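Just so it is clear, the structure is predicted and the values come from calculations on it, not from any experiment.
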Amino acid sequence: MSKRSTARSHQSTRRHNLWLPLVIVGSILVITVAALLFTQPEPSQPGVPVEVSGSPRLSLDRKAIDFGDVPVNQMVRASFTLSNVGDESLRFSYSPIAQVVEGC
């Protein structure tokens, strides 16, 4: 065997031996980053304080809207804000329906 082929053989062996530690370190790094990303709780909403721990909770900014005396056939409008004050994601299994109750 010539010196040249022996040198090539040693170089390929060194290259092969470097891949295994790099693959192991890279795998550990990827697993660590993935674990950190998936174990962090999702923030409910920016600027909304968390009131409930371990579950989602829907909160309204007002309990009731009083329009006073409204003439018949006159349109009125109201707005309100829904917020998730829990520390888990809020998901609806069906479309929520708002109910308007007359005379309250």
Nearest atoms (heavy-atom pairs only) where Asn84 meets Pro56 = OD1-CA, 3.7 Å

inquiry  = Minimum heavy-atom separation for Ser79 and Ile65, please, with both atom names.
reply    = O-CD1, 4.4 Å

task = Of all the heavy-atom pairs spanning Leu58 and Leu90, show the shortest one and how long it is.
result = CD1-CD2, 3.6 Å

query = Do Val76 and Phe80 belong to the same hydrophobic cluster, where Ile, Leu, Val, Met, Phe, Trp and Tyr are linked whenever their side-chain heavy atoms lie under 4.5 Å apart, directly or via other members?
reply = yes

inquiry  = Between Leu60 and Leu82, is there a side-chain heavy-atom distance shorter than 4.5 Å?
reply    = yes

